[in-house]
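Reviewing the structure listed below.
Heads up: numbering here begins at 1 and tracks the sequence.
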Amino acid sequence: MNTLVSYYLQILIPLPAIIWAGLYECSTYFWGSLLVYIFYRMVTDANKLINSGAISKNDQWQLFTPFLSVKYFKQLYFK
């Protein structure tokens, strides 16, 4: 499967569960799920950038800085 398609599937599949938690579960579960999803996205973005060669494995910690992934926007969403 195309790496871009698999990347979009990885980042979009957890969203219905988070939306469901926001609509039907308590707010604590929703905010906890949202926090875990943000961490998950940072790890997913780092793995995609490492596999594409945009960053090295030693530099993956930098993506845990808020909004630093904007620097790699084109590599993440269009390549």
Side-chain angles (χ1 to χ4, degrees):
M1 187 179 341
N2 188 357
T3 58
L4 190 60
V5 172
S6 67
Y7 173 72
Y8 277 114
L9 285 174
Q10 287 175 353
I11 64 174
L12 293 176
I13 284 182
L15 286 180
I18 294 171
I19 292 169
W20 179 80
L23 294 174
Y24 300 110
E25 297 294 328
C26 67
S27 64
T28 306
Y29 183 73
F30 169 72
W31 290 110
S33 299
L34 193 62
L35 185 66
V36 168
Y37 180 71
I38 291 170
F39 180 74
Y40 170 76
R41 279 295 309 276
M42 290 178 192
V43 171
T44 306
D45 292 348
N47 284 337
K48 183 170 189 321
L49 290 172
I50 289 169
N51 290 338
S52 68
I55 63 172
S56 68
K57 192 166 181 141
N58 293 335
D59 293 334
Q60 71 182 356
W61 64 270
Q62 293 176 351
L63 288 178
F64 292 105
T65 306
F67 303 111
L68 189 66
S69 64
V70 173
K71 181 179 176 182
Y72 302 104
F73 186 82
K74 190 173 184 179
Q75 288 93 351
L76 284 171
Y77 298 109
F78 299 114
K79 290 186 179 183

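Note on Leu23 and Leu15: separate hydrophobic clusters, where clusters join Ile, Leu, Val, Met, Phe, Trp and Tyr whose side-chain heavy atoms are under 4.5 Å apart, directly or indirectly. When the side chains of ILVMFWY residues are joined at heavy-atom separations under 4.5 Å, either directly or via intervening members, Ile38 and Trp61 end up in two distinct hydrophobic clusters. Each of Val43 and Leu35 belongs to its own hydrophobic cluster when Ile, Leu, Val, Met, Phe, Trp and Tyr are linked at side-chain heavy-atom distances under 4.5 angstrom.
Applying the ring-ring contact (aromatic ring centres under 6.0 Å, His included) criterion to Phe39, with sequence neighbours excluded, gives Phe64. Not counting sequence neighbours, Val36 has no partner by the side chain to side chain contact (heavy atoms under 4.5 Å, CB included) test. Among residues two or more places apart in sequence or in another chain, the side chain to side chain donor-acceptor pair (under 3.5 Å) test is passed with Thr28 by none.
Going from atom CG of Leu34 over to atom CD1 of Ile18 covers 6.0 Å, rounded to the nearest 0.5 Å. Note that OG1 of Thr65 and CE of Met42 are 8.5 Å apart. Values are rounded to the nearest 0.5 Å. Distance CG/Leu49 to CD/Gln60: 10.5 Å, rounded to 0.5 Å. To the nearest 0.5 Å, the span separating NZ on Lys57 from CG on Asn51 amounts to 9.0 Å.
Between the side chain of Tyr72 and the backbone N or O of Ala46, no donor-acceptor pair lies under 3.5 Å. The main-chain N or O of Ile11 is found under 3.5 Å from a side-chain atom of Tyr37 such that the two form a donor-acceptor pair. Looking at Tyr77, its side chain never comes within 3.5 Å of a backbone N or O of Tyr8 through a donor-acceptor pair.
The side-chain heavy atoms of Gln62 and Ile55, taken from C-beta on, include no pair separated by under 4.5 Å. Between Asp45 and Tyr7 the shortest side-chain heavy-atom distance falls below 4.5 Å.
Residue Lys48 comes nearest to Gln75 through the heavy atom pair NZ-O, 3.2 Å, listed as atom of the first residue, atom of the second, then distance. Residues Tyr40 and Pro14 share a closest heavy-atom pair of CE2-CG, 3.9 Å.
In the displayed structure, Tyr29 atom OH is contacted under 6.0 Å by at most 12 heavy atoms of other residues, nucleotides or ligands.
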